[in-house]
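Reading through the structure tokens given below for one structure.
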Amino acid sequence: MLRYNPKEIEPKWQAKWAEDHLYEALDFDERPKFVMLTEFPYPSGDGLHLGHIREYTYGDILARHKRMHGYNVLYPMGYDAFGLPTENYAIKNKITPQAATDQNIANFQKQFESLGYGIDWSRSFRTSDPEYYKWTQWLFLQFFKAGLAYQDEIAINWCPFCKTGLSNEEVVNGRHERCDTLVEKRVLNQWLMKITDYADRLLEGLKNVDYPSRIADQQINWIGRKDGIDIDYKVTNSPSSEVITTFTTRPDTNFGATFVVLAPEHPFVKKIMKREVVPESGHSHSETVANYVKKSLSKSDVERQEEGRKKTGAFTGFYAMNELTGKEMPIWVSDFVLASFGTGAVVGVPGHDLRDFEFAKEFDLPIIRVVVGPDGDSSDITRPEQVQENQGKMINSDFLDGLDIHEATEKIMVYMEEHQMGKRKVSYRLRDWIFSRQHYWGEPIPIIHCPEHGAVPVPDDQLPVLLPDVKNYEPTDTGESPLAQISDWVNVKCPVCGEPAKRETDTMPNWAGSSWYYLRYYDAKNNSEFAAKDKLDYWGAVDMYLGGMEHTTLHLLYSRFWHQFLYDQKLVPTPEPYQARRGQGIILAADDTKMSKSKGNIVNPSEIIDSGYGADALRLSISFLAPYDQTTPWSPEGVAGTHRFLSRLWTLVQEYSEGPKGNEESSELKRAVNKVIKKVSNDLDAMLFNTAIAGLMEFTNELYKIKAKEGFVSKDWQWAFESVLKILSPFAPHISEELWHQLGNKDTIHLSSWPTYDEQYLIEDKVKLIVQVNGKLRAEIEVEPDIKEEAAVKLAKQNPRLQPYLGGQDIKRTVYVPGKIINFVVS
RNA sequence: GGGCGAGUGGCGGAAUUGGUAUACGCGACGGACUUAAAAUCCGUUGGCUGAAUAAGCCUUGAGGGUUCAAGUCCCUCCUCGCCCACCA
């Protein structure tokens, strides 16, 4: 008898599938299409890790499942090859990024093959291929031409280790999310993408796609739309007429406003420092203000956080008029006010805002209560009670007194607009996307700077702007890309006037290539367009997109923005790129901590496969671990369990093939098979991989019991095995293909059709009825499924086990749920 | 501080949406095979009382409530995870 040996069968079938081009999708086909997308990997030097395997295995299971349901499935894969880690890796190993990428991808490719994924490799590419980034550059130019890519001199987050600027999304807790280095602020001329123009579209679009709420909510929060009002305050003691505009979502509390605070970067603060404006009294505070601003701007975000919420600030010497109260409010400068949100100036309402309260306490400013909660005490101003968010009534607020806060908000907005005191305004937390990187290993930004014509796009026929081969690609401290040193590359003629001009030397972030890569799979070899229209029309939106939660506010948001823009340009047929999105959970190390190189607790999937368990067992164990979206620790022993399960199934098929067969009926076998088909089908539709596998295990255990009881006498064994192999095949493609052929089939199992089940065989001839007394389980009785209540109750009452509980007692009530339960209620 | 989610055996996790809590797997224990180990196979395995594979009681983070019946619904509280955060 053959033993189950994955090392023999897995490479054999992998080679055969590749030879047969089994998983290549057809452009245009009568079958309905299904695009299964998983995030393509960044080819690091570490190879595939378990997180990759989890994602790609789920994708493979879903793709195979759909294929067996008659879909023309596209399950593609490529490499997100540009980016800092490869460059750092190359520098460390003294090779070029190109060579590092080649080397890493060769390694990834080998690992991919060993897992038996049904991927269409004929459409694969790397974002660093000139044939690919030509179109990344071309798409960038469409943004530029539409005014959505622009340059600005701004303070950006600078990673001193990677020596590059970063987008807001790449900074986590004041550190670069890739290398964990503290970021600094630097003022540089940068390319930006106007993602803020699409803020509302990005919110709106979420209503028409199938994203779990934890993903949609995270994007909503990240965009952070706030409806409020910009209120203008006239400066009372300035010789020139000055106005400070503040943004607030709570104008209802404005009778409680007692001061105004400006961000250190605010234009009025700059004016004060330059003494362009001096109070009428002649007493300038410009020195105090300048000292404070200098000190606060030198602090990093992390330093500010470390100081906690202790408020600092300086009085500017100016006052603003609160027209509602007729009182003058001192204008302060403080770094708790962010230049990047709203107008960079806030009105202080210390009675109802914790930060304003702390500021007022620190500098002894008046505190007024204007809202009282349902059971609140308005007199106690020692408690930093927050604004009553949901309910509350106005007090001390003139014509708003007695109103509910929501009514008051609306009324004061109308009032302020009528009296020209302010204007309704929507503010967003979302910032424009900083798109410049001062690095070698990325797509050159295809712009030429001409003294005469400014930023000029590189003409289409000169694309791609090739990344030049270069000896020194190490980043510089100057904030200039290493490309700037290659003078014969930099110095070109202006495409408009032919006069000497210079190329843009910044490159794009690695999020550029991944913002549109799914579209390229539809037409990967196209040399004249990023993808042909008919193919874009055929494949349309990605039907299921699986990826990491960590990309929700990075890649996923960026790429939705790009796609929405392309849709507006009529370059793609669907308003959203991804019809459905799911995020898989993280696999932790067995000790519940994150896997990391420094801790040395990384599990290498190849070692598991090579140790003899094989890819099928690994795929099963990772899918069996937990629900797909749950973070969960890795269980090294789990693979032994799934390997054992596959061995048991293997052995049973061997015994069947070698032993005598019968021609009898077995209702038990029929029921078991129909049951497992139903179970696995339903679970797969709901992406409940772990319980589907549990069902398959249970079924195998049941087969063993049936075999022990009646041997292989039933004529249905062949069908039973074939059915279970089919529903196992998305999870464990190799063993199911092998046994399928051993059972005499000639064609591949992976193009066979998904088995159906027949409810009629699921009907049990006897069902267990639970008998309770006062809700406590006391007996089980076997009855016909369609038994009448009267008969069931009679049968239950006769049960000897019930006598101690029922004997002599009045039955007050009897609850009968057909097929499930009888409950007798006694005193 | 805000948003989202979760607390079930020694562990990962099931539970048809209110109807047998602990499926399936791991681990552990006992046994078979073996010179031995590994592998494999067969049992047992929530806790307490008990000689018991008799019987009973208890058990889904804590405490209340609704119900014939609650892991599931409602209220109060505690703990943990992820994301955001001096965002006005």
Side-chain angles (χ1 to χ4, degrees), chain A residues 3 172-173 212-222 224 226 228 246-250 253 261 304-305 307-311 334-338 340-349 352-356 358-359 386-387 389 427-430 549-550 552-553 583 585-586 588 590 592 612 620-621 624-627 629-645 647-648 651 679 682 688 690-701 704 768-777 779-780 804 812-817 819-826:
Chain A
R3 274 198 58 187
V172 175
N173 295 328
S213 64
R214 63 177 181 150
I215 293 176
D217 287 346
Q218 214 169 300
Q219 291 208 341
I220 291 167
N221 290 339
W222 185 265
K226 298 267 169 67
T246 66
F247 174 77
T248 178
T249 57
R250 296 297 306 276
T253 61
V261 193
R304 286 195 196 185
Q305 267 170 28
E307 283 173 9
R309 286 169 179 270
K310 174 134 175 69
K311 297 291 177 289
S334 173
D335 60 13
F336 86 85
V337 178
L338 305 175
S340 56
F341 187 77
T343 60
V346 296
V347 58
V349 184
H352 298 283
D353 181 280
L354 188 58
R355 293 150 310 184
D356 295 350
E358 287 165 351
F359 192 78
Q386 277 274 33
V387 179
E389 283 297 347
S427 283
Y428 301 90
R429 204 200 78 103
L430 185 70
M549 285 301 294
E550 70 276 18
T552 301
T553 53
I586 298 164
L588 303 170
D592 251 338
L620 273 176
S621 73
F624 184 57
L625 213 53
D629 55 354
Q630 198 168 304
T631 294
T632 192
W634 173 243
S635 155
E637 300 84 12
V639 195
T642 49
H643 176 78
R644 206 169 291 148
F645 155 65
S647 291
R648 276 163 60 78
T651 305
K679 166 82 178 156
N682 290 347
L688 300 169
N690 57 332
T691 52
I693 293 166
L696 286 162
M697 289 173 165
E698 223 167 324
F699 173 73
T700 306
N701 295 342
Y704 267 91
K768 246 192 255 171
L769 203 58
I770 301 306
V771 185
Q772 298 179 332
V773 177
N774 287 343
K776 275 195 193 293
L777 171 71
E780 291 173 7
K812 285 184 174 168
R813 193 174 159 188
T814 302
V815 181
Y816 174 66
V817 182
K820 295 228 163 108
I821 210 161
I822 296 178
N823 190 12
F824 295 112
V825 185
V826 299

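Throughout, protein chains are lettered first and strands after them, A, B, ... in sequence-line order, and every chain is numbered starting at 1.
A:Thr553 approaches A:Gln218 most closely through the heavy-atom pair CG2-O, 4.0 Å.
One interatomic measurement links the two molecules: CZ of A:Phe341 to P of B:C84, which rounds to 17 Å at whole-angstrom precision. Protein atom CZ of A:Phe247 is 8 Å distant from nucleotide atom P of B:A88, rounded to whole Å.
Figure legend: A:Lys311 and A:Phe359 shown without cation-pi pairing, the cationic atom not lying both under 6.0 angstrom from the six-membered ring centre and within 45 degrees of its axis.
Summarising the base pairing, B:A54 is matched to no nucleotide, lacking a Watson-Crick or G-U wobble pair whose two defining distances lie under 3.5 Å. Under the Watson-Crick and G-U wobble criteria, each requiring two contacts below 3.5 Å, nucleotide B:A36 is left unpaired. B:G30 is paired with B:C42 under the Watson-Crick or G-U wobble criterion, all donor-acceptor distances under 3.5 Å. Summarising the base pairing, B:C86 is matched to no nucleotide, lacking a Watson-Crick or G-U wobble pair whose two defining distances lie under 3.5 Å. Nucleotide B:C73 is matched to B:G65 when pairs are restricted to Watson-Crick or G-U wobble geometry with both distances under 3.5 angstrom. Nucleotide B:U20 has no partner under the Watson-Crick or G-U criteria, as no pair reaches both atom distances under 3.5 Å. With a cut-off of 3.5 Å on both Watson-Crick or G-U wobble distances, the partner of B:G7 is given as B:C78.
Here the straight-line distance linking atom CG of A:Leu777 with atom CD1 of A:Ile770 works out to 5.5 Å at 0.5 Å rounding.
Closest contact between the side chain of A:Val825 and the listed nucleotides B:C68, B:C84, B:C86 involves B:C68.
Nucleic acid contact class of A:Arg813 (heavy atoms, under 4.0 Å, all strands): base. Looking at heavy-atom distances under 4.0 Å, A:Trp222 makes contact with sugar-phosphate atoms alone, never a base. Residue contacts for A:Asn823: at a heavy-atom cut-off of 4.0 Å it reaches a base atom on one of the strands shown.
A syn base is found at B:G9: its glycosidic angle is within 90° of 0.
Place A:Lys679 and A:Pro633 on RNA chain B by their nearest nucleotides, and A:Pro633 ends up nearer the 5' end.
Contact of A:Lys812 with B:C68 (side chain to base): no donor-acceptor pair of N or O atoms is detected under 3.5 Å.
A side-chain donor-acceptor contact under 3.5 Å links A:Arg214 to the backbone of A:Gly583.
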Base, backbone or nothing for each nucleotide of nucleotides 20-25 of chain B, written B, S, -, heavy atoms under 4.0 angstrom, 5' to 3'? B--BBS
